[in-house]
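As structure tokens, the structure follows; a few thoughts come after it.
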Amino acid sequence: MSLTAARTIEIPDSTGTAFDHGAFEPETRRVFIAHTARNCLEVVNSDTNQHIATLRGFPEAAGVVADKGSVLVTNRGGASVAWVDARTLETRTVLNTGPRPNGVAIVSSLQVAVVACIGDGTHMPQLQVLGLEGDRRWTIDLPGRPRWCVVDAKAERVFLAIRDPSMVLVARLPELNVVQHWPLPSGGAHGMDINHGAGLLYVACDGGLLVEVDTQSGEVRREWPLAGVPDATFFNPKTGLVHVAIEDPGLVQTVDPRTGNSSQFITAAGAKTTALIEPDRLYVFSPLHKGILDLRGA
């Protein structure tokens with residue numbers, strides 16, 4: 001389960017910068033990266049490992065998800081979510097959201113975006129579901145600051161990490177009703193991914209635990225210690241491994257839930273987010289590497 005470094009991939013204007021989330025789009029095999037400090041979206045060809053485009057006009061780009069030729073980007077500085085065509089790289093539409101949108105999920109079967117908004121001094125944190133054609137909108141207020149969110153395989157429910165009180169909030173799609181709150185044993189729920197086959201969530205918490213949660217009952221099944229405060233978290237259905245990016249001191253911690261074994265790969269300070277490249281690679285977005293550290297064995 002050890003990761004190995006294959007190469008670095010340079011992204012323009014990356015000295016002293018800050019990246020946020022990235023996502024692999026399977027149909028084009030392109031990776032889309034929120035270049036938060038530069039208000040843009042970077043595009044990389046994962047087969048050639050080449051940077052191919054910088055897309056402008058994404059103020060404080062934060063969350064990114066991709067599926068079936070579509071990419072969603074939350075603009076934390078613009079109170080909006082952009083819908084980008086993964087093939088043409090054109091922005092199809094921009095939808096208004098609550099203040100400081102962060103976590104995001106795409107539900108292709110329903111043609112909706114799920115957006116978790118942090119809010120500000122005058123607006124509560126909110127979870128929103130937006131029709132990509134601008135035709136539908138559902139909103140609920142949240143009990144705390146939202147982090148990442150994922151959707152189940154049947155597109156029936158969304159699972160959202162809430163920082164404080166640390167929990168997984170569950171709501172039925174698309175109306176955001178039948179809301180449940182599943183408390184976690186560690187503070188600061190943050191990164192999250194889902195094992196669709198086994199019906200399990202993996203939630204990385206600021207308090208220093210990776211927590212496994214049953215998606216039907218909300219029961220905490222197991223937990224593993226982490227080496228620091230986590231951020232991006234990915235489960236790889238191909239290998240069965242969970243990868244957690246930790247900004248300080250700068251590493252990726254890999255946990256095998258089947259055995260409980262854990263390993264660490266040193267990256268660099270500030271490398272807090274990643275993207276899983278099917279079937280078994282992990283891109284780590286690292287300013288000190290001037291772009292991407294490409295890891296194998298994920």
Side-chain angles (χ1 to χ4, degrees), residues 3-11 14 19-36 40-55 58 61-74 81-92 102-109 113-114 148-151 153 155 191-197 202 204 231-245 252 254 265 267 271-286 289 291-298:
L3 299 172
T4 58
R7 63 180 59 81
T8 58
I9 304 166
E10 189 166 339
I11 292 176
S14 290
F19 300 106
D20 210 322
H21 289 89
F24 171 76
E25 198 291 302
E27 294 187 0
T28 61
R29 294 195 59 81
R30 291 172 169 174
V31 182
F32 295 81
I33 306 151
H35 200 160
T36 310
C40 62
L41 186 66
E42 308 288 359
V43 188
V44 171
N45 183 319
S46 67
D47 289 335
T48 64
N49 295 298
Q50 292 179 322
H51 178 268
I52 59 175
T54 295
L55 310 181
F58 298 85
V64 184
V65 289
D67 184 48
K68 298 186 184 304
S70 291
V71 182
L72 297 181
V73 186
T74 54
V81 59
W83 179 19
V84 177
D85 188 303
R87 295 177 179 84
T88 67
L89 304 184
E90 294 179 354
T91 297
R92 301 183 64 174
N102 188 38
V104 61
I106 185 170
V107 188
S108 298
S109 61
V114 183
W148 200 244
C149 57
V150 295
V151 172
M192 174 191 288
D193 207 356
I194 186 169
N195 177 346
H196 293 293
Y202 293 100
D231 200 310
T233 300
F234 281 99
F235 168 77
N236 187 342
K238 176 74 172 181
T239 63
L241 302 176
V242 182
H243 305 284
V244 182
V252 172
T254 298
F265 184 95
T267 54
K272 64 177 183 175
T273 53
T274 57
L276 183 67
I277 315 301
E278 298 175 359
D280 59 358
R281 295 160 59 201
L282 193 72
Y283 275 3
V284 181
F285 309 125
S286 171
H289 288 90
I292 299 169
L293 181 61
D294 178 13
L295 305 183
R296 301 300 176 100

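Every value quoted in this text rests on a predicted model; they were computed, and no experiment measured them. The first residue in the sequence is number 1, and the count goes up from there.
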Excluding sequence neighbours, so at least two apart, what forms ring pair (Phe, Tyr, Trp, His ring centres under 6.0 Å) with F58? none

Of all residues at least two apart in sequence or in a different chain, which pass the side-chain hydrogen bond (donor to acceptor under 3.5 Å, both in side chains) check with [X]?
| X | value |
| --- | --- |
| E27 | R87 |
| T28 | E25 |
| S286 | H289 |
| R29 | D47 |

Do side-chain atoms of T239 reach the backbone of A298 as a donor and acceptor pair under 3.5 angstrom? yes

Quick one: does T74's side chain have a donor or acceptor within less than 3.5 Å of a partner on N102's backbone? yes

Mind running side-chain contact (heavy atoms from CB on, under 4.5 Å) on I277 and L282 for me, showing each step along the way? CA-CA 6 Å; I277 315 301; L282 193 72; over 6 Å; no

[X] vs [Y] side-chain heavy atoms within contact, under 4.5 Å:
| X | Y | value |
| --- | --- | --- |
| V104 | W148 | yes |
| V242 | T254 | no |
| V252 | L3 | yes |
| I11 | I292 | yes |
| V81 | V73 | no |

Listed partners of [X] passing side chain to side chain contact (heavy atoms under 4.5 Å, CB included), at least two apart:
| X | answer |
| --- | --- |
| P26 | F24, E278 |
| T54 | C40, E42, H51, R56 |
| L89 | R30, F32, V43, A53, L55 |
| N49 | R7, I9, R281, Y283, D294, R296 |

Specify whether F19 and F285 have parallel, tilted or perpendicular ring planes, treating 30° as the upper limit for parallel and 60° as the lower limit for perpendicular. tilted

Reported [atom1]-to-[atom2] distance for the pair [X] and [Y], which is rounded to 0.5 angstrom:
| X | Y | atom1 | atom2 | result |
| --- | --- | --- | --- | --- |
| T91 | L41 | OG1 | CG | 8.5 Å |
| I52 | T48 | CD1 | OG1 | 7.0 Å |
| F235 | M192 | CZ | CE | 15.0 Å |
| T36 | D20 | OG1 | CG | 4.0 Å |

Centroid-to-centroid, H243 to F234, below 6.0 Å? no

Partner residues of D193 under the salt bridge (Lys or Arg N to Asp or Glu O under 4.0 Å) criterion, sequence neighbours left out: none

Taking all non-hydrogen atoms of both residues into account, name the closest pair between A34 and A62 and its distance. CB-O, 3.4 Å

For A275 and A23 the tightest heavy-atom approach is CB-N, 4.1 Å

Using distance only, find each side-chain donor-acceptor pair of residues 63-72 under 3.5 Å and give its atom names and separation, not counting sequence neighbours.
residue	atom	partner	partner atom	Å
D67	OD2	S108	OG	2.7
S70	OG	W83	NE1	3.0

Can you pull out every salt bridge (Lys or Arg N to Asp or Glu O under 4.0 Å) where at least one residue sits in residues 231-244? Sequence neighbours excluded, please. none

